[in-house]
**Student:** 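If you scroll down you'll find the structure; I have some questions about it.
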Amino acid sequence: MSLSLAALYALDTLFYASLIFLIVSGLNIIYGVLRIVNLAHATLFALGAYTAAWITSTYIVKVFGDSLIALIALPLLTAAIVTVIASLALVMPILAYAHGKGDAFQLIVTFGLLLVFEELFQIIWGRAPLAANQAYFALGFMDLIDRKYPVYKIMVITFTGFLAVILWYMIYRSRFGLVFRAVAMDPEMSSALGVNIGRVVVMAIILASVLAGLGGALYLPVASIAPGVSLEFLIIAFVGLVIGGLGSFAGSLIGAFVVSFFRTFSIIFIPELELVVLFAVAALVLLVKPEGIGGGKGW
Amino acid sequence: MLGKILQVSGLRKYFGGVKAVDGVSFTMDEGERLFIVGPNGAGKTTLVNLISGYIMPDSGTIMFDGRDVTRLSLASRVGVGIARSFQLVNVFWGLTVLENLSIAVASRLKVNTNMFKSLESYKAVLEEALELAELSGLTEVLDKRPSEISQGDRKLLDIAITLALKPKLVMLDEPTSGVSTREKFEVMDRVLKTLHRFGASSIIVEHDMEVVKKYSNRVLVMHEGKIIGDGAPSDILSKEDVRRILLGEAYA
């Protein structure tokens with residue numbers, strides 16, 4: 001493998017890890033406060049992408065033309081807002097209903113919610129793939145030794161790194177973080193101390209939704225959004241969750257990176273076995289360290 | 001003049017045929033420190049559970065600070081100022097000592113949970129948490145997690161969390177259990193100093209007679225669900241029948 005090819009794969013691994021991180025960290029945050037693995041979470045990623053595609057093609061291009069800032073910032077902002085509203089209105093009541101009702105019930109209910117969302121997307125936006133790659137091309141390409149690499153992907157990696165730092169601060173250094181970690185560790189003791197658990201749960205859901213919505217909006221310009229994307233990302237994020245371990249910040253980072261590394265690797269060398277490779281890695285982790293590489297320590 | 005903080009009368013709790021608490025009556029003055037002693041199964045922990053609201057009595061009344069709390073829930077009793085710590089240490093294992101204290105203070109003060117403001121900007125909370133740490137002698141271990149500090153410090157942290165709720169009555173179930181003999185007096189010194197500083201009345205269940213003799217000025221002796229002695233430790237603990245019950249077969 002040439003040096004430039006290796007650099008390209010390394011950057012692609014980071015790019016893909018960024019998207020996965022934005023989903024896995026949200027799954028972990030919701031699991032932290034509710035002890036529910038929310039399978040419907042990946043639909044918020046898809047909703048972010050749909051929203052970005054829709055707002056870009058219907059308004060931004062018409063109103064702002066090819067303004068780079070509008071092309072990049074507005075889809076992100078809109079996607080975050082729409083995702084949070086949908087999450088509070090549609091996901092939160094279901095999570096509240098499923099809370100404390102057992103793993104099997106929660107998995108079935110949240111997967112059902114995923115299917116409902118997928119249907120809603122098709123009713124609203126149709127079955128044909130939607131794309132809006134203006135931002136991707138507007139940012140152009142940079143030299144990577146003897147190749148070209150899209151600046152947009154570098155921007156996504158940088159932006160997600162920035163988001164990860166903010167998320168770390170919110171969880172480990174902010175006022176919210178203290179209460180969030182206490183609730184995630186011991187909800188019973190937290191409520192005995194008089195912590196308002198309901199409020200912490202709502203804030204955690206908002207945070208997780210924003211991350212997923214931004215993820216979808218960041219993903220859209222390099223691909224397109226179509227029915228089934230939720231499921232595709234759910235499977236990959238779920239493998240990331242297993243590998244990284246449930247319920248920690250480090251686990252989200254590690255899981256996203258490992259999944260992305262093996263996915264990029266298998267797409268290059270054995271594309272037909274992409275999912276097989278991922279599941280094999282997950283199985284190996286489960287055999288050697290069942291709580292996941294970064295898991296078991298809590299937030 | 002100090003009023004009565006607690007008036008317990010005719011309190012009764014049976015578990016099947018076992019008379020765990022069988023017609024217990026006593027009163028406590030505000031600011032008073034009361035030790036409860038008795039052999040295993042005498043009903044000490046059941047009595048504490050009844051007063052703190054973990055279980056409801058079959059009959060009898062509990063008046064706290066002038067109001068009837070007999071049927072109040074556990075959470076409501078915390079609200080009116082009754083708090084307790086357990087025999088087993090109850091702390092957040094994944095949080096540092098300072099964070100443990102901060103969360104307790106923060107929840108009492110009902111402060112906001114802003115995502116963008118740092119913990120350091122939480123002035124009122126931090127100051128009180130640091131003061132609690134100083135009173136409990138935990139200043140040296142602020143950044144450590146409960147698993148990294150001594151058993152005595154862990155116990156003190158547990159009690160400091162309880163005190164952060166600013167209760168008027170604190171119940172401690174065997175505060176020196178699980179603490180080494182070497183540490184127990186130091187732990188008690190620091191616990192009582194903190195209790196005094198907060199002006200809280202306290203009920204302390206204790207099995208260690210050395211601790212009871214050293215720190216109590218009023219002792220309540222329980223046996224088979226009943227109070228069989230109530231008074232100054234020098235009077236009560238020297239009585240022949242009390243000694244026999246407390247020391248059990250070994251004495252006979």
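Chain letters run A, B, ... following the sequence lines, proteins first, then strands; residues in each count from 1.
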**Student:** Does the side chain of B:T176 pick up a donor-acceptor pair with the side chain of B:E206 at under 3.5 Å?
**Tutor:**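 Yes, B:E206 and B:T176 have a side-chain donor paired with an acceptor closer than 3.5 Å.
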**Student:** Given that the side chain runs from C-beta out, which part of B:I103 has a heavy atom under 4.5 Å from chain A: side chain, backbone, both or neither?
**Tutor:**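 For B:I103, the contact with chain A is made by backbone and side chain together.
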**Student:** Does any backbone or side-chain atom of B:T162 lie under 4.5 Å from a heavy atom of chain A? Answer side chain, backbone, both or neither.
**Tutor:**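 No part of it gets close to chain A.
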**Student:** Pick whichever of A:N196, A:I166, A:V179 has the most heavy-atom pairs under 4.5 Å with chain B.
**Tutor:**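 Top count of heavy-atom pairs under 4.5 Å with chain B: A:V179.
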**Student:** How long is the span from the CD1 atom in A:I157 to the CZ atom in A:F15, to the nearest 0.5 Å?
**Tutor:**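 If we round to the nearest 0.5 Å, A:I157:CD1 and A:F15:CZ are 7.5 Å apart.
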**Student:** Checking B:R67 against B:F64: charged group under 6.0 Å from the ring centre and within 45 degrees of the axis?
**Tutor:**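 No, B:R67 and B:F64 do not form such a contact.
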**Student:** Per the side-chain contact (heavy atoms from CB on, under 4.5 Å) rule, which among A:L246, A:I236, A:I23 passes with A:L241?
**Tutor:**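 So, applying the side-chain contact (heavy atoms from CB on, under 4.5 Å) to A:L241 and each of A:L246, A:I236, A:I23, only A:L246 qualifies.
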**Student:** Hey, which of B:M115, B:E99, B:K117 has the most heavy atom pairs under 4.5 Å with chain A?
**Tutor:**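 Most pairs with chain A among the choices: B:M115.
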**Student:** Tell me which of these, B:A164, B:A106, B:S121, has more heavy-atom pairs under 4.5 Å with chain A than the rest.
**Tutor:**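 The option with the most such pairs is B:S121.
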**Student:** For A:Y219 and A:F45, take the angle between the two ring planes, folded into 0 to 90°, and tell me which bin it lands in: parallel under 30, tilted 30 to 60, perpendicular over 60.
**Tutor:**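 Tilted, since the angle between the ring planes falls between 30° and 60°.
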